[in-house]
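Both counts, for ligands and for their atoms, begin at 1 and track the order of listing.
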Amino acid sequence: MTPPLGSATRDRLRIAIQKSGRLAEPARALLASCGLSWRESRDKLFCYGESLPVDLLLVRDDDIPGLIADGVCDLGIVGRNELDEQAGARARIGLAPAYRALRGLGFGQCRLMLAVPDEWEWTGPEQLQGTRIATSYPAILTEWLEARGIAAQVVELSGSVEIAPRLGTADLICDLVSSGATLRANQLKPVETLLESEAVLAGPAGSFDDARADLAQMLLRRMDGVLQVRERKLLMFNAEREALPALERLLADAGPLVQLPSSNGVLTLQTMCGEGTVSWQRLEELERAGARQLMVLGVERSLA
Ligand code: PRT
Ligand code: ZN
């Protein structure tokens, strides 16, 4: 049965993630690769953790910081943009920070940027004096403007920010950008970055003092293991000893080259490396330098 929200469930950890949207699938996939599995409830708002006492709450991303602040959820996966905006809004009314980013998760990357109509000749932030800027991130924008002594009017919009200049409700915008296609389609160009964002694991400002402390620590350790090996490859090959110096030069951007025991005089070598080190071109160069039976393996898990 779904426990009532807001109740003090002290022996289970509750994580808020986006129900649907950009961060929903990668957040679930990350938690699943940390060994979590769930029984879905009918209302699809609450997923009861089966493999571990870690439950999921599926919500709108905007609600995640508040759920952590109110203690309804213990952790959440949310964009840094959302977390910083709500922390900024709290600070502006004198409230203490109630949550913090515990880990950057390497997905959901985007930038919070100022974008001006294409015909503007951008000379710098001083040009913003007296303008109207449409945004869904009023706290971050206001802080940025204040830090530069710029008096501009912040026009808060909850969506479709990019059409504000054409509608005449603002002169320029401050919005999230990833590919930049939306800006281009609206005859806008990005000019300043206010924030580099990605999905983060957020937690309360304080620490847990019950069973959730151990659960959160275990989850973080597993998450670190997953994040460390993501995009990591294990490269294995055989080579004659004479080829070693040339191969080491070609693998300067990889981890230490480890020799495995071998019987017939041919060395068996392995190294951990990034995607770029095992491109087809690099493998062919290694082959020309004497590497044989090259093999590239994906890394699933690691405990450092
Ligand atoms: O329903 P709910 O409130 O949960 O979802 P939402 O609509 O508020 O959020 P969603 O799913 O759109 O975004 C969730 C999070 O994804 C954001 O808070 C960011 O942290 C992150 N993210 C990454 C982005 C983008 N990339 C992004 N491109 N969020 C929004 N966008 C917008 C952008 O502003 C533009 O309008 O997507 C559009 C396409 O961007 P371009 O630059 O590729 O054209
Ligand atoms: Zn939202």
Side-chain angles (χ1 to χ4, degrees), residues 5 14-31 40 43-47 56-70 72-73 75-90 99-118 133-141 143-144 154-167 169-170 172-203 223 227 230:
L5 299 181
R14 195 180 278 167
I15 308 178
I17 65 167
Q18 202 185 16
K19 185 175 195 301
S20 59
R22 286 184 169 78
L23 307 183
E25 261 322 299
R28 265 175 178 256
L30 174 63
L31 294 171
E40 308 253 345
D43 62 10
K44 292 237 179 86
L45 174 73
F46 187 88
C47 304
L56 288 190
L57 198 64
L58 309 183
V59 295
R60 292 199 56 183
D61 66 342
D62 319 52
D63 295 335
I64 293 175
L67 289 169
I68 297 172
D70 295 343
V72 175
C73 287
L75 300 171
I77 294 181
V78 62
R80 192 182 294 279
N81 49 295
E82 200 57 56
L83 202 66
D84 282 10
E85 173 60 27
Q86 296 200 27
R90 283 177 69 92
Y99 31 72
R100 61 198 165 109
L102 302 171
R103 293 290 186 282
L105 302 178
F107 60 85
Q109 286 97 343
C110 56
R111 291 169 163 190
L112 183 64
M113 300 192 82
L114 288 180
V116 300
D118 281 339
I133 312 176
T135 191
S136 307
Y137 295 89
I140 298 177
L141 174 59
E143 198 183 318
W144 188 89
V154 174
V155 180
E156 186 175 348
L157 297 180
S158 55
S160 303
V161 171
E162 62 281 355
I163 58 168
R166 272 192 293 155
L167 294 179
T169 47
L172 67 148
I173 69 165
C174 170
D175 201 8
L176 297 177
V177 181
S178 49
S179 70
T182 303
L183 292 185
R184 283 193 294 280
N186 287 282
Q187 293 95 51
L188 297 167
K189 59 180 177 189
V191 290
E192 292 278 340
T193 300
L194 279 67
L195 176 75
E196 299 271 359
S197 186
E198 64 175 336
V200 298
L201 180 73
M223 211 172 260
L227 296 173
R230 200 173 257 187

Looking at Asp61, the N, O or S atom sitting nearest the Zn ion (ligand 2) is OD1
Per-atom filter on ligand 1: closer than 4.0 angstrom to a heavy atom of Val177 are 42 (O)
For atom 28 (N) of ligand 1, what's the nearest protein heavy-atom neighbour? Residue, atom name and distance, please. Ser178 OG, 2.8 Å
Spell out, as yes or no, whether a donor-acceptor pair under 3.5 Å connects the side chain of Asn186 to the backbone of Thr182. yes
Strictly distance-based, threshold 3.5 Å: is any side-chain N or O of Glu198 a donor or acceptor partner for the main-chain N or O of Gly106? yes
About how many Å separate CG of Leu112 and CD1 of Ile140, when rounded to the nearest 0.5 Å? 5.5 Å
With heavy-atom distances below 4.0 Å as the criterion, list the atoms of ligand 1 near Leu23. 15 (C), 16 (O)
Return yes if some donor-acceptor pair links the side-chain N/O of Gln18 with the main-chain N/O of Arg60 below 3.5 Å, else return no. no
Numbered atoms of ligand 1 (with element) below 4.0 Å of Gly79, judged on heavy atoms: 20 (O)
Checking Gln86 side chain against Asp62 main chain: does a donor-acceptor pair fall under 3.5 Å? yes
Distance check, rounded to the nearest 0.5 Å: Leu195 atom CG versus Trp144 atom CH2? 12.5 Å
So, does Ser197 use its side chain to make a donor-acceptor pair with the main chain of Cys110 at under 3.5 Å? no
Distance to 0.1 Å, residue and atom name: give those for the protein heavy atom nearest to atom 26 (N) of ligand 1. Cys110 CB, 3.5 Å
For atom 17 (C) of ligand 1, grab the closest protein heavy atom and report residue, atom and distance to one decimal in Å. Asn81 ND2, 3.8 Å
Any side-chain to backbone donor/acceptor pair from Lys189 onto Asp118? Under 3.5 Å, distance only. yes
Minimum-distance protein heavy atom relative to atom 34 (O) of ligand 1: Leu176 O, 2.6 Å
Closest approach of any protein heavy atom to atom 44 (O) of ligand 1, naming residue and atom: Thr182 OG1, 2.6 Å
Side chain or backbone of Asp175 under 4.0 Å from ligand 1, or both, or neither, by non-hydrogen atoms? side chain
Candidate with minimal heavy-atom separation from atom 14 (C) of ligand 1, of Asp61, Val59, Ile173: Asp61
Report yes if the side chains of Leu188 and Val116 come closer than 4.5 Å at any heavy-atom pair, otherwise no. no
So if I apply the side-chain contact (heavy atoms from CB on, under 4.5 Å) rule between Ile68 and each of Asp70, Ile64, Val72, which one comes out positive? Ile64
Which atoms of ligand 1 sit under 4.0 Å from any heavy atom of Gly21? 11 (O)
Looking only at non-hydrogen atoms, the one of Arg111, Arg80, Arg22, Gln18 nearest atom 16 (O) of ligand 1 is Arg22
Protein contact of atom 1 (O) of ligand 1 - nearest heavy atom, named by residue and atom, plus distance: Arg60 NE, 3.5 Å
Answer yes or no: is there a donor N or O on one side and an acceptor on the other, between the side chain of Glu156 and the main chain of Thr135, under 3.5 Å? no
Distance filter under 4.0 Å to Ser179 heavy atoms, resulting ligand 1 atoms: 41 (P), 42 (O), 43 (O), 44 (O)
Under the 4.0 Å line, does any protein heavy atom show up next to atom 7 (O) of ligand 1? no
Among the N, O or S atoms that Asp62 has, which is closest to the Zn ion (ligand 2)? OD1
